[in-house]
Participant: 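If you scroll down you'll find the structure; I have some questions about it.
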Amino acid sequence: MTVDVQPGPLAIDGAEPVRTDPWPTYDKGDVFIEEEDLEAALDAVRARLYFRYDYRPHAETRTGRLERELCAFFAAPHALTCASGTAAITLALLALDLPPGSLVACPAFTFAATPSAILLAGHRPLLVECDDDLHLDVADLRRRLTPEVRAVVVVHMRGFASDMDAVCAVAREHGVPVVEDAVPALGARLNGRALGTFGDAGAFSTQSDKSLNTGEGGFLLTRDPAVHARAIVYSGAYEGRMARHFDGPPPAVDDLAYPIYGLRMDEIRAALASALLRRLPERLAAHHRNYDDVAGRLADVPGIALRRPVADHAYLGEALLFRLPGAGAGATAWTAAALRAEGIDARALGDPGDTNVRAFWNWRFLFPDPARARAEFPVTAARLDETVDIPLSANLTERDRDHLVTAVRKVVGAGRR
């Protein structure tokens, strides 16, 4: 059913809201988990073997089985489960053996974990502008790739693929590796190929709001066996345990030459992730169904610009982002507040009253002066100021989607800026 109401009295002004039920999000207990998935985790608890490196061969552990399943799902030769998506990015950068303190480029629109992981790996983040659709600006990347820049971390932010062909081409021109921060886009594809498999390594998260929900956790994909081996050691394999991950002789990596950081995944989380992986195609289809329905019914709304993908269906669909072109941060913040009053969770990415860590000027560990930070990356700052972000659960019903479309048409139709 298509709902197309005319602008009317708004809930933010005291009128009846579009909905009174909570908008379904992971932090309110909205999860894509069945009882059989929980049983898999409980079986691991009952087994009383929680450490991935016990007496069993690698292939008989739950983490080992999950890694093989991830290799099959993503068509990747090597997978390593770990403690978080931040850990996965960090392990990738460590395993690339970059010179200490290298500059590592990343987009200005990302979660604070991306520059944090670069710092954790002992390097220095170099931000790159984003375009009107908040994808990494490849032309700006090319301008900033001096010889000091030793790697690129590209982010598929809020589930939308970056232009990987273009990013990888620029990186090859300069001879630097590419790490994909696919943390926000687990399962999304670009031209039929899974995100996280284009670069030298791909990092993922299984935190609570991700496509595989184990509370906390993550994994790393790579084609290079030596990168894989070093990441294994850094993650916490010791006393020859790295060799268990290889069917034949392992790469010539000295496991005593690297520190071990205790970034492993445990058997309980691996059991839950493995169960959820079997239903991941179902979840991905639900995300696309919900996103395509909502975006299709909002495409003709005057005054908003939906975020455009770099290729057809090159997005996960777990978030709806749209801009209010020409709006300032205050007007966009009012729009998000009006949507929340109507019962739809929404955030204005540039809301001056919200310390949203997706807004780079709030990273005070990098930028003590927010105004100066915004001046350094004016294009990204302006686009973030215009952008509203709405989470889309895989469990949205037709009624939920109708409410969202109604609320956006109602609020945007009110025309307050």
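Everything numeric here is computed off the predicted structure, so don't read it as measured data.
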Participant: Return the set of residues passing ring pair (Phe, Tyr, Trp, His ring centres under 6.0 Å) with Phe51 (not counting sequence neighbours), or none when no residue passes.
Facilitator: Tyr53

Participant: Would you call the rings of Trp363 and Phe365 parallel, tilted or perpendicular, where under 30° means parallel and over 60° means perpendicular?
Facilitator: parallel

Participant: Under the salt bridge (charged side-chain N to carboxylate O under 4.0 Å, His left out) definition, can you give me all pairs with a residue in residues 326-349, not counting sequence neighbours?
Facilitator: Lys28-Asp345, Glu342-Lys410, Arg347-Asp354

Participant: Could you give all pairs that pass the salt bridge (charged side-chain N to carboxylate O under 4.0 Å, His left out) test and reach residues 70-89, with sequence neighbours left out?
Facilitator: none

Participant: By side-chain contact (heavy atoms from CB on, under 4.5 Å), which residues pair with Ala121, not counting sequence neighbours?
Facilitator: Thr90, Leu93, Leu94, His123

Participant: Determine, for Arg399 against Asp402, whether the closest basic-nitrogen to carboxylate-oxygen distance falls under 4.0 angstrom.
Facilitator: no

Participant: Apply side-chain contact (heavy atoms from CB on, under 4.5 Å) to Glu318 and list each qualifying residue two or more places apart in sequence or on a separate chain.
Facilitator: Arg158, His287, Leu316

Participant: Ile33: what forms a side-chain contact (heavy atoms from CB on, under 4.5 Å) with it, not counting sequence neighbours?
Facilitator: Val31, Asp37, Leu38, Asn213, Leu276

Participant: Are Arg19 and Asp400 close enough for a salt bridge, meaning some N to O gap below 4.0 Å?
Facilitator: yes

Participant: If you round to the nearest 0.5 Å, how far is CD of Glu60 from CG of Asp54?
Facilitator: 9.5 Å

Participant: Any carboxylate oxygen within less than 4.0 angstrom of a Lys/Arg side-chain nitrogen, looking at Arg144 and Asp137?
Facilitator: no

Participant: Who passes ring pair (Phe, Tyr, Trp, His ring centres under 6.0 Å) against His313, sequence neighbours left out?
Facilitator: His288, Tyr315

Participant: Tell me whether Arg264 contacts the main-chain N or O of Gly236 through its side chain, where contact means a donor paired with an acceptor under 3.5 Å.
Facilitator: yes

Participant: Tell me which pairs pass salt bridge (charged side-chain N to carboxylate O under 4.0 Å, His left out) where either residue lies in residues 165-175, with sequence neighbours left out.
Facilitator: Arg142-Glu173

Participant: What's the shortest heavy-atom distance between Ala88 and Phe219, and which atoms?
Facilitator: CB-O, 3.4 Å

Participant: What is the minimum heavy-atom distance between Pro99 and Arg150, and which atoms define it?
Facilitator: CG-NH1, 3.3 Å

Participant: Exactly one of Arg323, Arg383, Arg308 should register a side chain to side chain donor-acceptor pair (under 3.5 Å) with Asp132. Which one does?
Facilitator: Arg383

Participant: Taking only residues two or more places apart in sequence or in another chain, which ones pass ring pair (Phe, Tyr, Trp, His ring centres under 6.0 Å) with His135?
Facilitator: none

Participant: Test of understanding: with ring pair (Phe, Tyr, Trp, His ring centres under 6.0 Å), list the residues that count as partners of Phe109, not counting sequence neighbours.
Facilitator: none

Participant: For Trp23 versus Gly343, what's the shortest heavy-atom pair and its separation?
Facilitator: CB-O, 3.7 Å

Participant: Taking Glu36 first and then Arg278, would you say they form a salt bridge - that is, a charged N and a carboxylate O separated by under 4.0 Å?
Facilitator: no

Participant: Flag the pair Glu67 and Arg52 as a salt bridge only when some basic side-chain nitrogen lies within less than 4.0 angstrom of an acidic carboxylate oxygen.
Facilitator: yes

Participant: Please confirm whether the backbone N or O of Thr206 pairs with a side-chain atom of Thr214, one donor and one acceptor, at under 3.5 Å?
Facilitator: yes

Participant: Under 3.5 Å, is there a donor-acceptor pair between the side chain of Asp293 and the main chain of Arg289?
Facilitator: no

Participant: Which residue pairs satisfy the ring pair (Phe, Tyr, Trp, His ring centres under 6.0 Å) criterion with at least one member in residues 251-286, sequence neighbours excluded?
Facilitator: Tyr234-Tyr258, Tyr234-Tyr261

Participant: Can you list every pair that meets salt bridge (charged side-chain N to carboxylate O under 4.0 Å, His left out) and has a residue in residues 91-115, with sequence neighbours left out?
Facilitator: Asp97-Arg230

